[in-house]
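Take a look at the structure below.
Worth saying up front: this structure is predicted, and the values here are computed from it rather than measured.
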Amino acid sequence: MNDHDNALALRNAFVVGMSLMGTWSVALLVRLVLPRHLGPSVFGEYAFAEALAITGFAFVGFGLDMYIQKEIPRRPEHASDFYGGTQVVRLFVGAAVVVAVGAVAHRSGHSREVVLAAMTFGLAQLALYAANTCATLLYAARRVGRLSVLNITTKLLWAGAIVAALVGRAHLWAYAAAAALSELVRFVALFAMARRIVGLEVRFDFGETFRVLVKSAPYYVNLIAIVLYSKIDVTIMGFLLPNRELGFYGAATNISGVAMLLAPLIQWVVTPQLARAAVSREELYAMLRRALEWTLVVAIPVSLMLGLGADVIIGTVFGAKFAPAI
């Protein structure tokens, strides 16, 4: 790659990094506030409803975003060949998953409020996947400026809705509705940006849709494994343990999530650059080594800090009632 490509990659990494700091700061603040105000039992219900929805929607990603990261940097016009068809398939599969999530929550003996919260979180996941596909198109085209501002704005919208729910002592589903609202707004804005910046057109070529889904199948399997690994523990515990126990575990998970701060940077900035560098094995490996080195330089100290300081962090953030989360 030439100097211009390298400079653009560094600029995009900086912009996305600043955006991540903003969005993660807001998200982390909300996720630290929620357990303390809801208490272990109610927060356990919240954690189960969210995890069940995320687990169900592991099967709705189709590996499409990874396919976009690999192919669209080299041929942006290809996005219009499959976007419309894949989103129709995603909509129908997503609707079925929302119903299934509600049925599973009901059959497992949870209250009507948890069932509604799980289904609403499912709608939020559907909007999230749709928004992320549009965002991936913009990242693949290396147009990240407005996207980063939008991410922070919608995260603030979510935080504001959560605060309103806390102040109003709303039902559990209202907290899920806050996520659904922010992701829906994000999707509408990102779709408009993708049409304007990338030239995305909505066409329904189901032959091309099928071919893209087949090519995305390896990424799909990988995505299912990653999502299930991240949330299957909370989902299973929600079937077997009291809500209070799950609340302790969910609080600990919120703290440990700080260590994943750099994960979106790898996915949305480094992966498209690796796709462009793949024409040269030496250049590809050199870029991969640099990315891993910088990731570990940040991730290892943060992970150690979270583990060694768990007693101080849990006590300060959540209070004595969450002491078992240490």
Side-chain angles (χ1 to χ4, degrees), residues 23-24 26-61 90-91 93-132 151 153-189 227-228 230-239 243-244 246-247 249-251 253-254 257:
T23 55
W24 269 77
V26 174
L28 182 61
L29 181 62
V30 171
R31 290 191 175 276
L32 297 182
V33 167
L34 268 177
R36 192 178 191 105
H37 283 75
L38 295 179
S41 294
V42 177
F43 183 68
E45 294 178 331
Y46 175 96
F48 169 74
E50 183 183 40
L52 180 61
I54 292 174
T55 301
F57 271 81
F59 300 94
V60 181
R90 176 174 283 166
L91 180 62
V93 175
V97 171
V98 169
V99 174
V101 163
V104 169
H106 174 71
R107 293 282 294 179
S108 62
H110 284 85
S111 66
R112 180 174 178 270
E113 189 160 343
V114 174
V115 172
L116 289 175
M119 296 182 71
T120 308
F121 271 125
L123 295 175
Q125 284 295 304
L126 182 58
L128 172 68
Y129 274 98
N132 281 351
N151 286 339
T153 303
T154 52
K155 194 63 70 175
L156 289 172
L157 173 63
W158 171 65
I162 290 289
V163 170
L166 286 172
V167 171
R169 300 184 181 276
H171 293 290
L172 194 61
W173 64 266
Y175 298 95
L181 172 64
S182 65
E183 291 301 336
L184 180 60
V185 170
R186 179 168 169 263
F187 164 66
V188 172
V227 176
L228 290 184
S230 68
K231 288 297 181 180
I232 195 67
D233 52 350
V234 179
T235 303
I236 293 175
M237 291 170 70
F239 296 138
N243 292 325
R244 184 176 177 82
L246 189 57
Y249 187 82
T253 302
N254 282 357

Any chance you could measure Glu113, atom CD, to Leu172, atom CG, to the nearest 0.5 Å? 5.0 Å
Rounded distance [0.5 Å steps], CG in Leu156 versus CG in Asn151: 11.0 Å
If you look at every heavy atom in Ala176 and Ala117, which pair is closest and at what distance? CB-O, 3.6 Å
Keeping to residues at least two apart or across chains, list the salt bridge (Lys or Arg N to Asp or Glu O under 4.0 Å) pairs with something in residues 158-183. Glu183-Arg186
In chain order, what residues pass the side chain to side chain donor-acceptor pair (under 3.5 Å) check against Tyr249, with sequence neighbours excluded? Asp233
Check side-chain contact (heavy atoms from CB on, under 4.5 Å) between Arg244 and all other residues, then give those that pass, not counting sequence neighbours. Pro40, Ser41, Phe248
When every non-hydrogen atom of Ala127 is compared with those of Phe187, the smallest separation belongs to O-CB, 4.1 Å
Just wondering, do Leu181 and Val185 contact through their side chains at under 4.5 Å, heavy atoms? yes
Nearest heavy-atom approach of Ala179 to Phe121 is CB-CE2, 4.4 Å
Please list, one pair per line, the donor and acceptor atoms closer than 3.5 Å that link side chains of residues 93-100 to other protein atoms, with sequence neighbours excluded.
none

In short, side chain to side chain donor-acceptor pair (under 3.5 Å) pairs touching residues 95-110 with sequence neighbours left out are Ser108-His110
For a quick test of reading the model, state the closest non-hydrogen atom pair linking Pro35 to Asn254 and the distance between them. CG-ND2, 4.0 Å
Pairs under 3.5 angstrom only: tabulate donor-acceptor contacts from the side chains of residues 47-60 to other protein residues two or more places apart or in another chain.
residue : atom : partner : partner atom : Å
Glu50   : OE1  : Arg31   : NH1          : 3.4
Glu50   : OE2  : Arg31   : NH2          : 2.7
Thr55   : OG1  : Ala51   : O            : 2.8
Thr55   : OG1  : Thr235  : OG1          : 2.9

Can you sort out the partners of Ser111 under side chain to side chain donor-acceptor pair (under 3.5 Å), two or more places apart, ordered by chain and number? none
Quick one: list whatever passes side-chain contact (heavy atoms from CB on, under 4.5 Å) with Leu34, sequence neighbours left out. Val30, Leu38, Phe43, Tyr46, Ile162, Leu166, Tyr175
Residues two or more places apart in sequence or in another chain: which of them pass side-chain contact (heavy atoms from CB on, under 4.5 Å) with Ala189? Leu150
Kindly write out the residues that satisfy side-chain contact (heavy atoms from CB on, under 4.5 Å) with Leu91, not counting sequence neighbours, or none if the list is empty. Leu126
